[in-house]
Amino acid sequence: MSNIIEVKDIKKVYNPGMHNELIVLKDVDLKIKKGEMVALLGPSGSGKSTLLHAIGCLDRPTSGKVFIEGEDVYKLSDDELALIRRRKVGFIFQQFNLIGVFTALENVEMPLRLAGFTKGEAEERAKKLLNLVKLGERLNHFPRQLSGGELQRVAVARALANEPLIVLADEPTGNLDTQTGKEIIDLMVGLNKKGYTFLIVTHDTVIAKSAKRIIKIKDGKILGG
């Protein structure tokens with residue numbers, strides 16, 4: 001099975017050459033294959049979210065390379081990176097990042113409309129995804145009318161909208177109670193069994209154990225996995 005994500009010698013430095021220079025990532029290497037569910041486990045400040053952002057084409061590294069399906073993505077322009085994010089990467093954030101004036105259905109429709117789907121096509125696919133995450137009866141509810149777990153289920157459905165190559169989840173249970181967090185992780189495990197590839201950033205060893213592979217990171221360096 002080939003690697004769909006490959007990170008080579010990634011380094012991220014803030015304020016390089018200044019007295020307050022901060023090295024967040026130190027020559028990181030990482031490979032992820034299609035269909036994997038990988039947990040990136042580390043304490044706060046370890047560099048795990050920075051690495052996730054580099055993989056997701058959200059933040060250019062200072063040096064090193066990120067390959068997505070063999071393509072060196074940081075050779076691309078910002079507009080081309082935006083297309084990679086739209087077509088190949090799904091994001092799930094701790095804060096949900098839903099649009100408050102949109103219903104659950106409209107939040108999931110949004111990336112589909114941006115990708116060129118018609119209103120009818122986007123609505124049909126969004127409904128299927130919300131049913132997949134067990135929210136078929138909450139389609140027309142606004143975020144303020146949903147629980148934390150339901151908000152994250154909407155976020156999961158939105159992340160899957162454009163059939164991404166990989167879903168990147170940054171502390172997806174961080175704002176949820178223990179039981180609800182377990183339900184969200186169980187949902188992701190079920191989706192992984194359907195073929196979706198996940199990289200989950202977490203500081204929680206219990207959450208990490210749900211993944212097929214655990215990669216530990218500390219002080220900007222990969223320790224194993």
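These figures come from a predicted structure and were not determined experimentally.
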In terms of hydrophobic clustering (I, L, V, M, F, W, Y; side-chain heavy atoms under 4.5 Å; direct or indirect links), are [X] and [Y] co-clustered?
X	Y	answer
Val201	Val28	yes
Ile55	Leu76	yes
Met37	Leu132	yes
Phe96	Leu129	yes
Val154	Leu112	no

Indicate every side-chain donor-acceptor pair of residues 80-93 with a distance under 3.5 Å to a residue at least two apart or in another chain.
| residue | atom | partner | partner atom | Å |
| --- | --- | --- | --- | --- |
| Glu80 | OE1 | Ser77 | N | 2.8 |
| Glu80 | OE1 | Ser77 | OG | 3.3 |
| Arg85 | NH1 | Cys57 | O | 2.5 |
| Arg86 | NH1 | Leu114 | O | 3.4 |
| Lys88 | NZ | Glu69 | OE1 | 3.0 |

Residue set satisfying side chain to side chain donor-acceptor pair (under 3.5 Å) with Glu124, at least two apart, ordered chain then number -> none
With sequence neighbours left out, the residues meeting side chain to side chain donor-acceptor pair (under 3.5 Å) with Asp204 are none
Would a 4.5 Å heavy-atom cut-off, applied to side chains only, mark [X] and [Y] as touching?
X	Y	result
Val156	Leu187	yes
Ile68	Ile5	yes
Thr118	Glu123	no
Asp29	Lys8	yes
Glu106	Thr103	yes
Leu40	Ile222	yes

Note: with side-chain heavy atoms under 4.5 Å as the link, the other cluster members for Phe142 come out as none
Show the nearest heavy-atom pair for residues [X] and [Y], with the distance to one decimal.
X	Y	answer
Ala159	Val167	CB-CG1, 4.2 Å
Gly56	Leu168	CA-CD1, 3.5 Å
Ala104	Leu146	CB-CD1, 4.5 Å
Ile217	Pro43	O-CD, 3.7 Å
Val133	Ala157	CG2-CB, 4.1 Å
Gly100	Pro143	O-CD, 3.6 Å

Check: [Y] main-chain N/O paired with [X] side-chain donor or acceptor under 3.5 Å:
X	Y	value
Glu171	His203	yes
Tyr74	Phe67	no
Glu21	Met18	no
Lys48	Gly42	yes
Asp177	Gln179	yes
Asn3	Glu6	no

Residues 56-65 vs side-chain hydrogen bond (donor to acceptor under 3.5 Å, both in side chains), sequence neighbours excluded, gives Lys12-Asp59, Tyr14-Asp59, Arg60-Asp78, Lys65-Asp72
Is the NZ atom of Lys26 crowded by more than 12 outside heavy atoms at less than 6.0 Å?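 Correct, the count exceeds 12.
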Q.
Side chains of Asn192 and Lys212 only: does a donor on one sit below 3.5 Å from an acceptor on the other?
A.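 Checked: Asn192/Lys212 side chains pair up, N/O donor to acceptor below 3.5 Å.
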* Can you find a side-chain donor-acceptor pair between Ser49 and Asp170 that sits under 3.5 Å? ->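 The criterion, which ignores hydrogens and geometry beyond distance, is satisfied for Asp170 and Ser49.
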Contacts satisfying salt bridge (charged side-chain N to carboxylate O under 4.0 Å, His left out) that involve residues 140-164 (not counting sequence neighbours) are Arg125-Glu163, Arg138-Glu150
